[in-house]
Amino acid sequence: MSILEVNGLKKVYTTRLGGNKVEALKNVNFQVEEGEYVAIMGESGSGKTTLLNILAALDKPTGGTVRLDGQDLSQIREADIAAFRRDHLGFVFQEFNLLDTFSVEDNIYLPLVLAGKRYPEMRKRLEPLASWLGLSELLKKYPYEISGGQKQRAAVARALITEPRLVLADEPTGALDSRATDELLQLFRRINQSGQTILMVTHSVKAASHAGRVLFIKDGEVFHQIYRGQCANEELYQKIADTLTMLTTGGDRR
Amino acid sequence: MRHGFYRRLAWTGIRQNRKLYIPYLLTCAGMVMMAYIISFLSQSPLLEDMAGGATMESMLTFGSWVMGIFSLVFLFYTHSFLFRRRKKEFGLYNILGMGKRHLARVLIWEAVLAAALSLGAGLLAGIAVSKFAELLMVRILDGNATFTLSVAPGAILHTLAWFGGIFLLILLNSLRQLHFTKPVELLRSEQAGEKPPRANWVLAVLGLALLAGAYWLAVNLEDPVAAMVFFFVAVVMVILGTYLLFMAGSVALCRVLQKNKRYYYQTRHFVSVSSMAYRMKRNGAGLASICILSTMVLVMVSSTVCLYAGLEDTIRAQNPRNISVEAYVVDPAALEGEKPEQVRKLAEQVTAEAGLAPENVLDYRQASFAGIRDGSQMEWYLSSLYTTTSPMDTSEYWQVYLIPLEDYNRITGAEASLAPGEALASTITAPYEEDTVTLNGGNTLRIQGRVEPFVRNELDALEMFPSLYLVVPDFVEQAQALQDTVGDETALNLSWYYGWDLACSDAVQLQVWENLRDASAEAELEASGEEAASYFHLYWDSAAHARQNVYGLYGGLFFLGILLGIVFLFAAVLMIYYKQVSEGYEDQSRFAIMQKVGMTRREIRRSVNSQILTVFFLPLLTAGVHLAFAFPLVYRMLSLFSVANRGLLAAVTGLCYLVFALFYVLVYRGTSQAYYAIVSGKGE
Ligand SMILES: Nc1ncnc2c1ncn2[C@@H]1O[C@H](COP(=O)(O)OP(=O)(O)OP(=O)(O)O)[C@@H](O)[C@H]1O
Ligand SMILES: [Mg+2]
């Protein structure tokens, strides 16, 4: 069974003033299997963030269903949504979203504390994770004292510490320089290889070329997808670049 | 660039930041209004003609200084808050290619617009309200006035000059800041990575010690004169202690809580404790200021209200009868001669001429001295002056009175009888438990019985020293013997009091009083005489006359207390508002992140609510504690000026606190709307 099933997803924004409607998502269908690493690409304004927000249950779709582990998100009661989110999903954001009032360590604990876990257990989970992500030395520091790449690694640790079914990432490399980007992409690869399912939204061809599968969104629909198959990163990169050119020049579905 | 460009840019700046600018402009206008009113009143021609007007005038002049200095400090504070928010905007303009010279022009225009708006509105409001204030003041002074609107150019000029100066200083300060910061810093200044607050234990403990010390002083200073001196010491200690505790103590407390892992890593405490540390670091000083201001308002308003409300009691205590005459003599026998009888006749005659009859007559003789008590020994104060170590310590000082038995019996209607050498004792303020009393090493009196106080004089009203009244059967002999122990025949205070009430208005009483003085002068009753035995000096007093003076003084205090109370109150309100708004901006992004990480809206709201409640009600609670500890001190100080009525003071203080708390809650509720609008992103 797929971890994630998205069927006929539709989202219409109604602007506050007047009845101007924007159809951000028209009809999105796709599935994600256990252990997959999926990248979603599309032009600016094509609805990627909207899609991710709906998957994260931060926003409600106008139509269609999202099932996570067979559970229909729209069936979860409003009061349980937050708990569901923190138990089943991990998030990595473009702008890190670390709380500046917490040390790195406390930032990573945040979802566990919210879930009511005890300190010794949290500590036990953190130690291997921190050394794996190279954060052991940084735990006592505060976000303002560390670099962007380090911040993003802390955010990744925060996403992983709950052992989520699915990690959602929105432009995780968007605020990083090229070296930090490479490091983070390597890290995502390793995380994926350890069995973690990842869904990542990105602009960057380079970031997408690390994924196992790339989905292209256009005009609120999944327009095309590429499987890595046996390709190396470079080959996949080329394929993605070609597809994007075709997308922007308005070619037909292959 | 085109004409009027900078002006328009400045105007847009003000309009776009109206959430911050409007309260600032309102404050400026409010301060201008108050300053104008106080200045107007201090120059009011109405005052000059009134009884007590001169006292009021000097009080108001003092008030206008307080007002001016407070405005300077407070407007600086609020403006710095405003300017910090706007730095980002200036940074953007700077990067978009506007030089600092151009930015300075925008700033100047902004300052001019703000000054024009607030001075205009403030003066208009001041002129409109000043007449009401004047009427109120005349009422407080117990006079009458008719309503005519008037404008005082002098007061306008004074206000314009003072506030023009303040606005200029503020402008210069912002220009200085603009000049010394780099554009990138301007852009970033709002979110420059904030260091985690460190607990400064030394300061925290020092704050605690200062506060404890001040509280100890307030509770343990029994002596009113020492209370007066140490009041200011205690005030300074409380102010310092409050600032230290709010700034360092609160952070230290959060740190301790964070160290306790079991406590800290709980859903309920985790977010609150860690953000509280930051909140207190940012707001400690502001909150301490709110606390101090609130305490000031409360102490000032409650004590002046209490003084004013207790005014009639004070007057009655200082003038036990409407009209009175006191005769001072040197020879005790002179009090029994024919002079007192002549005075009684004269008094009756003059009162009858006014068509009135004396009521409630009080008529007694007394001999008194200030003594220092040592067991049952009452030593003459003057002779011990050089032997006591600490003249500041007034705790063993007593005022001792000898009263003839026959006068006592007449006043109280009792039929007591005593043998020579015996006495009845009556004390005020402190008990006297010995069985005998030795008067300055001379005669020793056996205390035959203890009786309730039957007369009170001005000194008793102050309650500075305890009084011991000794009713003796052989008054003249005892007084003579006492005088002999000193060897100076003028040292003993020998007098005769004769007073009565009149059922008529103050004006008629004043007239009767004048007539009495004239008649007594005409009858040549007084004898300043070279001979001590014939010395006879009269002092005529009138409660109505005292009332005029006292209303001028205490009415002025009362009025000023209310005016400044209002000003400080609005200052506190504005600080609460600015705190809320700035908290809102800070919390906006955190709110969003926590939601993404898996906190429900309700959880977030609850956590934020509890933090905000703590932050805002901490000053109110602390002010309450300060007030409770200040109470004994305030009471003792008030007792120097008037009849200190503990119950009245407690009631007034409690009421003031309740009213203030209610007001505070209302303001809090109002401003938290603004807060939530910002946090949920609806504010922009
Ligand atoms: N809250 C909203 N209200 C109204 N319209 C919105 C809202 N959020 C997004 N939109 C619109 O929906 C469309 C999709 O926006 P979305 O943010 O999902 O795009 P995106 O693919 O993430 O773009 P980018 O790559 O630039 O981040 C856009 O046309 C946008 O204007
Ligand atoms: Mg986006």
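Chain letters run A, B, ... following the sequence lines, proteins first and then strands; every chain starts at 1. Reckoned from all heavy atoms, side chains included, excluding hydrogens, waters and symmetry mates.
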K.L.:
Is it the side chain or the backbone of A:F93 that comes within 4.5 Å of chain B heavy atoms, both, or neither?
P.N.:
side chain
K.L.:
Regarding B:K261 and the six-membered ring of B:Y263, is the cationic atom NZ or CZ under 6.0 Å from the ring centre and inside 45° of its axis?
P.N.:
no
K.L.:
Less than 4.5 Å to any heavy atom of chain B: does that hold for the side chain of A:D106, its backbone, both, or neither?
P.N.:
both
K.L.:
Report which part of A:L58 has an atom under 4.5 Å of a heavy atom belonging to chain B: side chain, backbone, both, or neither.
P.N.:
side chain
K.L.:
For B:F617 together with B:Y664, are the ring centres under 6.0 Å from each other?
P.N.:
yes
K.L.:
Flag the pair A:R123 / A:P120 as yes when at least one side-chain heavy-atom distance between them is below 4.5 Å, and no otherwise.
P.N.:
no
K.L.:
Of the backbone (N, CA, C, O) and the side chain (C-beta and beyond), which part of A:L98 lies under 4.5 Å from a heavy atom of chain B, both, or neither?
P.N.:
backbone
K.L.:
Less than 4.0 Å between a side-chain N and a carboxylate O, is that true for A:D170 and A:K48?
P.N.:
no
